[in-house]
Amino acid sequence: MANLNKVAMPKWGMEMTEGEIADWHVSVGDTIDMGDDVVDVETAKIVNTVTASSSGTVVRICANTGDIVAVGAPLVVLADGDATDDEIDAFMGSGAPDPADVAVEEAPAAPGESPAAETAEPATPVATRPSASSSLSAGGDDSEVPATVVARRLAKANNINLNNVSPSGRHDRVTVEDLRSAADAANVAVDLPAGRDFGEAVLPDDSGVKASPVARRLAAELGINLNECRQSGRHGRVSKADVEAVAARTKSATSSSAEPTGTAAPPESLAPVRTQLSGMRKVIAQRVHQSKQSIPHFRVNIDVDVTEAMALRKQLNAHRTDVKISLNDILIKACACALQQNPALNARFDGETLEQFSECHISSAVAIDGGVMMPVLRSAERHGLASISSAMRDLATRAKVGRLSGEELDGGSFSISNLGMFGISSFDAIINAPQVAILAVGSAEKKPVIRNDEATVGQIMSLSVASDHRVVDGADAAQFLADLKALIENPAMMLG
């Protein structure tokens, strides 16, 4: 009896409860070592790779791409020898789901086609074709032959030994198309899904193509083979836009061929594309809904003249080549200084316990594909402007490519959301619970101001602080904004 081990969904960060399967790196039958990449998992905050905690042969994959898996649930089962399905079921516990019962991740057959056995040429009746068992089934153990999950299952169903099939898939894996080619070459009858015809040869199996969960689901719904799509998404994956581009191209070609010469086709409205929310989007939706519903927000607004701050930024950048300081970097430094004077806003509240921090751990909103991340700059009050600029550029860059750790996303004590770069003059932000306050930053606009009793032009920025009224009073928020305004309009005060 083989020894069995499992690789389970890890817990990245204190708040993680589940993850979405983004891309598998292994198939049933693969032999892997401890530390090898197993699967990419997308959470509310990051895309990270699960690695093997032990060595062995993959004997079961417990989830499909796009599935939501709870923390601690099994992802794959490993064995150090042959293991029967009964042994695997017993190891996982009664009622363990079998991945073979889950919908196969392949583009469905085109309308009018069915996954039937291939039809031979008229001169060769189907009945005379030998079965796969007469030629392709011979050979030794094929459990270590690299193959996609779908191809291995179909090979077993058709009694095909994978040692007799030439691989053409990614990482030299046997694909469904390789099974079909081997069956044609050997002139044997097999029961394989029919390929989708685009006027060319049947496209290879796309189960090994890297694609986002949304793109893979959309491709299955539209009957598009992922091999047709560009891979312009993050980490070289096929994105939703890549699938939509192929769908539009196919629709255009079909409409053109069906349209009578000289007759314009009537305009046709496009049906809405229905997709499931990603794991990140689901968590964002849940958190903002909970924050808005459970936290009594109140807002305090103020206009700030950032003319002096912009002049300081220009002067510093003129003498530095290693960093490029932004107005947002100055805002982070100013907030850290103001929070030191107003600890009521530098806090977290879970409904029972209020935590006030002596250090300022500032979360800054970074827009990424499919959502927003809030990487944390810890102890911001200890950083100079150049250090803040370097740290924030690094955090923002890694946020956009999904390479932040859980620790870099947890533990913030105050948040900043800046939409000024989009020309937004002012807006209201939702508190990033369990924090008790968030600063919304608008754009700097040239407006008339009064200085020394004389009218002149200044660069005015609108700031709005949303606070949790359960633990923050109006006077606390007003004093914070007043101190923040003084620091921004006199930036030398925060450089001491």
Side-chain angles (χ1 to χ4, degrees), residues 1-10 19-42 47-93 95-106 139-158 160-165 167-176 178-179 205-211 213 216:
M1 177 177 176
N3 292 318
L4 300 174
N5 293 293
K6 70 178 180 180
V7 178
M9 176 68 75
E20 180 175 355
I21 303 300
D23 188 26
W24 284 102
H25 297 288
V26 299
S27 298
V28 172
D30 288 356
T31 299
I32 60 177
D33 296 321
M34 181 184 298
D36 284 353
D37 290 349
V38 175
V39 61
D40 289 342
V41 171
E42 181 176 345
V47 175
N48 219 335
T49 301
V50 179
T51 58
S53 54
S54 60
S55 302
T57 299
V58 179
V59 293
R60 178 168 294 179
I61 290 179
C62 305
N64 285 322
T65 300
D67 287 353
I68 305 297
V69 180
V71 167
L75 295 170
V76 298
V77 178
L78 303 177
D80 61 1
D82 293 334
T84 66
D85 287 341
D86 289 341
E87 290 173 341
I88 299 171
D89 288 342
F91 172 74
M92 295 182 64
D98 189 337
D101 296 332
V102 182
V104 176
E105 294 174 25
E106 276 195 304
D141 177 29
D142 64 354
S143 61
E144 295 189 3
V145 176
T148 67
V149 176
V150 177
R152 187 174 298 280
R153 184 159 58 247
L154 291 173
K156 183 177 181 180
N158 285 276
I160 297 176
N161 190 302
L162 294 174
N163 287 301
N164 299 317
V165 182
S168 67
R170 198 161 57 108
H171 306 310
D172 291 325
R173 293 179 181 177
V174 174
T175 68
V176 174
D178 295 330
L179 297 178
D205 169 50
D206 65 355
S207 58
V209 177
K210 295 181 67 175
R216 190 174 294 279

Trainee: Among all residues two or more places apart in sequence or in another chain, which pass the side-chain hydrogen bond (donor to acceptor under 3.5 Å, both in side chains) test with Thr51?
Mentor: none

Trainee: Can you confirm whether Leu75 sits close enough to Val39 that some side-chain heavy atom of one is under 4.5 Å from a side-chain heavy atom of the other?
Mentor: yes

Trainee: Provide the closest heavy-atom pair for Val59 versus Ala79 in the form atom of the first, atom of the second, distance.
Mentor: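 Heavy atoms only, the tightest pair is CG1-CB, 3.7 Å.
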
Trainee: Met9 and Ile21: which non-hydrogen atoms are nearest, and at how many Å?
Mentor: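 For Met9 and Ile21, the tightest heavy-atom pair comes out as CE-CD1, 4.3 Å.
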
Trainee: On a heavy-atom basis, which atom in Ala8 and which in Val50 lie closest, and how many Å separate them?
Mentor: O-CG1, 4.3 Å

Trainee: For Asp141, give me all partners under side-chain hydrogen bond (donor to acceptor under 3.5 Å, both in side chains), at least two apart in sequence or on another chain.
Mentor: Ser143

Trainee: Show the nearest heavy-atom pair for residues Met92 and Pro74, with the distance to one decimal.
Mentor: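 Closest approach of Met92 to Pro74, heavy atoms only: CE-CG, 3.8 Å.
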
Trainee: Ala52: what forms a side-chain contact (heavy atoms from CB on, under 4.5 Å) with it, not counting sequence neighbours?
Mentor: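 With sequence neighbours excluded, Ala52 shows a side-chain contact (heavy atoms from CB on, under 4.5 Å) to Ile32, Val38, given in chain and number order.
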
Trainee: Could you tell me which non-hydrogen atom of Asp30 sits nearest to which non-hydrogen atom of His25, and how far apart they are?
Mentor: OD2-O, 4.4 Å

Trainee: Apply side-chain contact (heavy atoms from CB on, under 4.5 Å) to Asp33 and list each qualifying residue two or more places apart in sequence or on a separate chain.
Mentor: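 Partners of Asp33 by the side-chain contact (heavy atoms from CB on, under 4.5 Å) criterion, ordered by chain and then number, come out as Asp36, Ser55.
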
Trainee: Return the minimal non-hydrogen interatomic distance between Ser54 and Leu78, and the atom names on each side.
Mentor: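 Shortest heavy-atom separation between Ser54 and Leu78 comes out as O-CD1, 3.5 Å.
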
Trainee: Output all residues satisfying side-chain hydrogen bond (donor to acceptor under 3.5 Å, both in side chains) with Asn163, sequence neighbours left out; order by chain, then residue number.
Mentor: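 Counting only residues at least two positions away or on another chain, Asn163 forms a side-chain hydrogen bond (donor to acceptor under 3.5 Å, both in side chains) with Asn161.
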
